[in-house]
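Some notes on the structure that comes next.
Note that the structure is a prediction, hence the values are computed from the model and not measured.
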Amino acid sequence: TLLQAIESSCRGFDLLANVFREETSKRVLVDSSSNIRLAQRLMQAHQWKIILLIRDPRGIMYSQKKADVRHGITKPLSRQVHSLVDFANNAQAMIGMSNVLFVKYEELCSQPVIELEKISDFLGINFDMRMLRFRADSGHIVMGNRMRLGGSEKIVEDLSWISGLSLTERGVIYDNPGLVSLYNNFGYQLVS
């Protein structure tokens with residue numbers, strides 16, 4: 001079943017993380033998985049701390065649109081709505097948990113020092129300004145995105161959804177009251 005597969009993935013990820021911890025002598029390991037169900041399982045059954053990055057769903061939808069173009073996928077973006085609602089529902093259920101820290105993407109971009117200080121405090125490590133110079137670090141990334149391959153260390157919010165999503169595509173979000181309500185709980189005002 002899906003639940004068994006998720007649990008197997010968590011056990012495997014836990015074992016992999018322990019190998020990296022042993023080899024690097026570092027106790028903190030970061031994975032950038034976008035699967036909230038995996039995060040929930042790791043947090044509950046394996047005592048992980050979870051940093052839950054929340055982002056404006058319009059930005060997420062546009063990111064998916066660009067990925068679809070790269071991979072030659074021509075399915076409508078409306079298929080994303082279920083994933084956005086599912087994520088927000090699961091995230092909302094994690095509010096107030098001591099081993100979960102919510103970080104808004106937009107705040108991480110606009111005030112990286114403040115947000116990294118919160119993250120460091122949550123993880124029980126000392127904040128160091130060198131954390132903002134992430135390209136100078138030779139650490140290992142288990143998973144990650146294309147930003148790690150670029151040349152700049154300046155953290156800049158990606159607002160390309162503003163010009164990249166049509167009114168019809170945005171309407172897929174705006175016309176879903178459940179999605180709008182859920183993301184409103186995280187501080188997003190989703191209006192046309």
| Got a sec: does the CG of Asp128 have more than 12 other heavy atoms crowding it under 6.0 Å? | yes
Smallest heavy-atom separation, Ile173 atom then Val180 atom, equals O-CG2, 3.5 Å
For a 4.5 angstrom cut-off between non-hydrogen side-chain atoms, does Gln64 reach Ile60?
no
Subject >> Same apolar cluster (I L V M F W Y, side chains within < 4.5 Å links), Val113/Leu108 >> reply: yes
Taking the side chain as every heavy atom from C-beta outward, state whether Glu157 and Tyr105 have any pair of such atoms under 4.5 Å apart. yes
**Single-linkage hydrophobic cluster Met129~Leu116, side-chain heavy atoms < 4.5 angstrom** = yes
- For residues Arg170 and Ile162, determine if any side-chain heavy atom of one lies less than 4.5 Å from a side-chain heavy atom of the other. yes
Is the side chain of Lys49 donor-acceptor paired with the backbone N or O of Ser98 at a distance under 3.5 Å, no angle test? no
Query raised in the report: Given the rule in the side-chain contact (heavy atoms from CB on, under 4.5 Å) test, do Val85 and Leu182 qualify, once you have shown the distances and angles that lead to the verdict?
Result: CA-CA 7 Å; Val85 169; Leu182 283 165; 3.9 Å; yes
Set out, in order, the CA-CA distance, both residues' side-chain angles and the distance that settles side-chain contact (heavy atoms from CB on, under 4.5 Å) for Glu115 and Cys109, then state yes or no. CA-CA 9 Å; Glu115 295 303 308; Cys109 292; over 6 Å; no
(message) I want to check something: taking the side chain as every heavy atom from C-beta on, are Ile51 and Phe122 in contact at a cut-off of under 4.5 Å?
(response) yes
Nearest heavy-atom contact between Ser78 and Val172 is CA-CG1, 3.7 Å
Polar side-chain atom of Asn90 near backbone of Asp86 as donor-acceptor pair, under 3.5 Å: yes
**Asked** Do Pro57 and Gln80 come within less than 4.5 Å of each other through their side chains, counting heavy atoms only?
**Response** no
Margin query: Checking Lys104 against Tyr188 for the side-chain contact (heavy atoms from CB on, under 4.5 Å) test, could you report, in this order, the C-alpha distance in whole Å, the side-chain angles of both residues, the deciding distance, and whether it holds?
Written below: CA-CA 10 Å; Lys104 285 181 75 173; Tyr188 293 100; 3.5 Å; yes
_Looking at Gln92 and Asn89, would you say the former's side chain and the latter's main chain have a donor-acceptor pair under 3.5 Å?_
no
Q) Any link between Leu123 and Leu53 through a network of hydrophobic side chains (Ile, Leu, Val, Met, Phe, Trp, Tyr) touching at under 4.5 Å? A) yes
(Q) Pairing donors with acceptors under 3.5 angstrom, does anything connect the side chains of Gln189 and Tyr183? (A) no
Would a distance-only check, ignoring hydrogens and angles, find a side-chain to backbone donor-acceptor pair under 3.5 Å from Lys65 to Leu165?
-> no
In terms of heavy-atom contacts, Lys75 and Arg79 come closest through O-NH1, 3.4 Å
Rounded to the nearest 0.5 Å, the CG atom of Leu77 sits from the CG atom of Leu84 at a distance of 10.0 Å
Sidechain-backbone polar pair: Glu106 side chain, Asp56 backbone, donor-acceptor under 3.5 Å
yes
In short, Arg55 meets Asp158 closest at the heavy-atom pair NH2-O, 3.4 Å
Scanning both residues in full, the closest heavy-atom pair of Phe87 with Ile54 reads CE2-CD1, 3.7 Å
| message | What I'd like to find out is whether the side chain of Val103 reaches to under 4.5 Å of the side chain of Ile119, using heavy atoms alone. | response | yes
task: Answer yes or no: is there a side-chain heavy-atom contact under 4.5 Å between Leu101 and Ile50?
output: no
* Would you check, one step at a time, whether the test side-chain contact (heavy atoms from CB on, under 4.5 Å) holds for Phe186 with Ile95? => CA-CA 10 Å; Phe186 297 116; Ile95 292 174; 3.9 Å; yes
Scanning both residues in full, the closest heavy-atom pair of Tyr174 with Arg58 reads OH-NH1, 3.1 Å
